[in-house]
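Hydrogens, waters and symmetry mates are skipped; everything else that's a heavy atom, side chains included, is used.
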Amino acid sequence: PPPTDTRPYAEQVQEARAQKDADFRTLDNPYSPVPANQRAAFPGVRYYAIAPEYRVPAGLTALASNPPIVIALADSSHQLQQKVKVGTLDFTLGGQAYKLSAFAESAGKVQRLWVPFRDLTSGIETYGGGRYLDLDRTATGYYDLDFNKAYHPSGVYDVSWVCPYPPSENRLPV
């Protein structure tokens, strides 16, 4: 189906970022990772400039295993979280081919893919533990992998939030 939002891409991303900052500041938002006593003064998330070249198509190579493959990922509380590996996303960035493993919370009907990753900015310009992408499941297996929409885990804003770290296979050398 044709896209419902016909505004320029950069405008769409900027609006989503502004909405996220507003949500983080909302006092009665139970999902805001910013501690309630810091929300009013929260300056907003620091974002990279919007770079269309970091929005690429990706194809999901789904895993067809029964039982499903469950991966234990270390988290910020030094525990392990179980995630179901759904498959790998294959994509090209800057002329190079890459893969990222995609996960789901459970093996049932998967509505959303969770893609944790680290890259060369991790620990220098971005959180050392990595960043995340969420992708709504598609019927075709093709995805809009948009690194302009990558986000830090909630634990970056408040250590009381427990967040899993990306697996070593999801470390990008770019």
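- Atom CZ of R46 has 12 or fewer neighbouring heavy atoms from other residues, nucleotides or ligands inside a 6.0 Å radius.
- Among all heavy-atom pairs drawn from P167 and L73, the shortest one is CB-CD2, 3.7 Å.
- In this structure, R17 and I50 have side chains that are in contact, with non-hydrogen atoms separated by less than 4.5 Å.
- Other residues, nucleotides and ligands place more than 12 heavy atoms under 6.0 Å from the OH atom of Y127.
- At least one donor-acceptor pair closer than 3.5 Å links the side chain of T138 to the backbone N or O of G141.
- Using a 4.5 Å heavy-atom cutoff, the side chains of D21 and Y47 are in contact.
- Judged by distance alone, with hydrogens and angles left aside, the side-chain atoms of R39 form a donor-acceptor pair with the main-chain N or O of L27 at under 3.5 Å.
- L63 and L60 are not part of a single hydrophobic cluster, where members link through side-chain heavy atoms under 4.5 Å apart.
- Clustering ILVMFWY residues whenever any of their side-chain heavy atoms sit less than 4.5 angstrom apart, transitively, puts W114 in a cluster other than the one holding L145.
- Taking the six-membered ring wherever Trp is involved, the centroid distance between the rings of F147 and F117 falls below 6.0 Å.
- With E53 contributing its side chain and G94 its backbone, the two residues share no donor-acceptor pair below 3.5 Å.
- Using a 4.5 Å cut-off on side-chain heavy atoms (C-beta onward), T121 and R131 make contact.
- Y165 and L80 fall into different hydrophobic clusters, where Ile, Leu, Val, Met, Phe, Trp and Tyr side chains are chained together by heavy-atom contacts under 4.5 Å.
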>> Let's go through D23 and Y31 carefully: what are the C-alpha distance in whole Å and the side-chain angles of both, what is the deciding distance for side chain to side chain donor-acceptor pair (under 3.5 Å) to 0.1 Å, and is it a yes or a no?
In response: CA-CA 8 Å; D23 290 345; Y31 302 106; over 6 Å; no
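- In terms of heavy atoms, A102 sits closest to L89 at CB-CD1, 4.2 Å.
- Judged purely by atom type and a 3.5 angstrom limit, R118 uses its side chain to pair as donor or acceptor with the backbone of G128.
- The shortest side-chain heavy-atom distance between Y142 and P57 does not fall under the 4.5 Å cut-off.
- Within the 4.5 Å cutoff, the side chain of E169 has no heavy atoms near those of the T88 side chain.
- Residues H152 and Y157 meet the side-chain proximity criterion, which asks for heavy atoms closer than 4.5 Å.
- Dense packing is recorded around CZ of F42, with more than 12 heavy atoms of other residues, nucleotides or ligands lying under 6.0 Å away.
- F103 is not listed as a side-chain neighbour of P164, based on a closest heavy-atom distance of 4.5 Å or more.
- Annotation for S154 and C163: closest pair N-SG, 3.6 Å, computed over non-hydrogen atoms.
- Paired with E105 under the rule side chain to side chain donor-acceptor pair (under 3.5 Å), one option of Q82, Q81, K83, Q111 passes, and it is K83.
- A donor-acceptor distance shorter than 3.5 angstrom exists from the side chain of N170 to the backbone of P116, with no hydrogens or angles considered.
- No donor-acceptor pair closer than 3.5 Å links the side chain of S122 to the backbone N or O of G130.
- Nearest heavy atom pair, residue Y143 against residue D136, reads CE2-O, 3.2 Å.
- Put simply, the side chain of Y9 reaches to within 4.5 Å of the side chain of N148, judged on heavy atoms.
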> Under the side-chain contact (heavy atoms from CB on, under 4.5 Å) criterion, do V86 and R137 qualify, and how do the steps go?
Replying inline: CA-CA 11 Å; V86 175; R137 192 73 190 260; 4.0 Å; yes
